[in-house]
Structures are given as structure tokens and as C-alpha cells.
Amino acid sequence: LVLKDKTKVNTFANIFRHLKNILDDANIIFADTHVYMQGMDGTHALLFELNIMKEWFDEYEAKAETPQVFGLHCETFFQIIFQNLR
């Protein structure tokens with residue numbers, strides 16, 4: 001997964017900038033055609049769903065036979081992306 005366009009990098013980072021205020025950890029699913037996330041805040045008052053098609057990225061490769069699920073800490077992931085924006 002590669003993003004070269006700074007606007008798209010900012011958009012992707014902003015997802016996690018705001019998501020970290022809703023939940024600490026999330027699972028992100030990498031399928032062969034898209035990236036997908038779904039979750040709910042701790043009070044069960046807010047439900048979110050994210051689906052980004054592979055064409056949105058400059059490079060996207062997911063070659064597994066089944067979608068790959070990665071758990072991540074939203075704050076940490078945002079900081080990693082944010083550091084690369086500077």
C-alpha cells in the first residue's frame with residue numbers, strides 16, 4: 001500500500017487522527033480489491049465503516065487467498081503516518 005500524493009496521505013492520516021478519539025484499537029482488513037474497517041465506540045453510540053478501493057492508492061498489493069486482518073493502535077498508527085508528513 002503506497003500513497004505518494006500528499007493530499008491523499010493527509011486524508012488517510014486524518015481518518016486515524018479522528019478515529020483515535022473514538023476507539024483505541026481497530027482491525028484493518030486488506031482484501032485483494034480494497035481496505036476495510038468497521039467498528040463501534042465503547043458506548044455503542046457510534047458505528048463507523050471505512051471502505052477504500054485499491055484504485056485510490058498509488059500502489060496496492062494484497063496477494064493472500066483470504067483477506068488479511070491487522071490489529072493496530074489508532075494513536076500510534078496516526079503518529080507513524082504524521083511523522084512521514086513532515
Side-chain angles (χ1 to χ4, degrees):
L1 143 74
V2 175
L3 282 172
K4 297 176 184 174
D5 181 328
K6 285 282 191 186
T7 303
K8 287 185 176 182
V9 173
N10 282 325
T11 299
F12 196 69
N14 276 323
I15 292 168
F16 293 93
R17 175 187 313 233
H18 298 292
L19 194 58
K20 69 182 178 62
N21 297 322
I22 299 167
L23 60 135
D24 293 328
D25 301 299
N27 287 333
I28 187 166
I29 300 167
F30 294 94
D32 57 343
T33 59
H34 62 281
V35 173
Y36 179 78
M37 290 177 68
Q38 183 182 55
M40 187 176 289
D41 73 330
T43 65
H44 296 206
L46 179 93
L47 174 68
F48 78 91
E49 185 172 57
L50 171 71
N51 193 25
I52 305 173
M53 301 308 292
K54 72 178 186 178
E55 292 80 14
W56 190 76
F57 299 96
D58 293 305
E59 295 177 36
Y60 182 88
E61 186 175 336
K63 291 188 174 184
E65 290 181 22
T66 59
Q68 299 297 301
V69 180
F70 293 90
L72 52 89
H73 186 264
C74 295
E75 171 72 24
T76 303
F77 193 63
F78 167 70
Q79 290 298 326
I80 290 168
I81 297 169
F82 184 72
Q83 291 298 320
N84 289 316
L85 291 175
R86 294 191 212 179

field: Distance in Å, E59 CD paired with L3 CG, rounded so as to fall on 0.5 Å steps
entry: 10.0 Å
- prompt: Considering all heavy atoms of both residues, which atom of P67 and which atom of I29 are nearest to each other, and what is their separation?
  reply: CB-CG2, 3.6 Å
- prompt: Linking I/L/V/M/F/W/Y whenever their side-chain heavy atoms sit closer than 4.5 Å, directly or via other members, would L1 and F70 fall into one cluster?
  reply: yes
message: Please give me the minimum heavy-atom distance between H73 and T76, naming the atom from each residue.
response: ND1-OG1, 3.1 Å
- prompt: Does some side-chain heavy atom of F77 sit less than 4.5 Å from a side-chain heavy atom of I28?
  reply: no
- prompt: CG/L19 to CE/M37 distance, rounded to the nearest 0.5 angstrom?
  reply: 5.0 Å
task: Mind telling me whether F12 and F57 have parallel, tilted or perpendicular rings, with 30° and 60° as the class edges?
output: perpendicular
Atom pair CG/CZ of N14 and F78 - distance to nearest 0.5 Å: 7.0 Å
message: Under the criterion side-chain hydrogen bond (donor to acceptor under 3.5 Å, both in side chains), I'd like the reasoning laid out for E55 against Y60: C-alpha separation, chi angles, the key distance, then a yes or no.
response: CA-CA 8 Å; E55 292 80 14; Y60 182 88; over 6 Å; no
- prompt: Should I81 and L23 be counted in the same cluster of Ile, Leu, Val, Met, Phe, Trp and Tyr side chains packed under 4.5 Å apart?
  reply: yes
query: When rounded to the nearest 0.5 angstrom, what is the spacing between OH in Y36 and CE in M53?
result: 12.5 Å
- prompt: Donor-acceptor pair, D41 side chain versus L46 backbone, under 3.5 Å?
  reply: yes
- prompt: Taking a hydrophobic cluster as the set of Ile, Leu, Val, Met, Phe, Trp and Tyr residues connected by side-chain heavy atoms closer than 4.5 Å, whether directly or through intermediates, do W56 and F16 fall within one such cluster?
  reply: yes
- request: Of all the heavy-atom pairs spanning A26 and C74, show the shortest one and how long it is.
  value: CB-SG, 4.0 Å
- request: Output the distance between atom CG (D32) and atom CD (E65), rounded to the nearest 0.5 Å.
  value: 11.0 Å
message: Would a single hydrophobic cluster contain both L72 and I22, if residues Ile, Leu, Val, Met, Phe, Trp and Tyr are joined by side-chain heavy-atom contacts under 4.5 Å?
response: yes
- prompt: To the nearest 0.5 Å, what is the distance between CD1 (I52) and NZ (K8)?
  reply: 10.0 Å
query: Side chains of L47 and Q38: does their closest heavy-atom pair fall under 4.5 Å?
result: yes
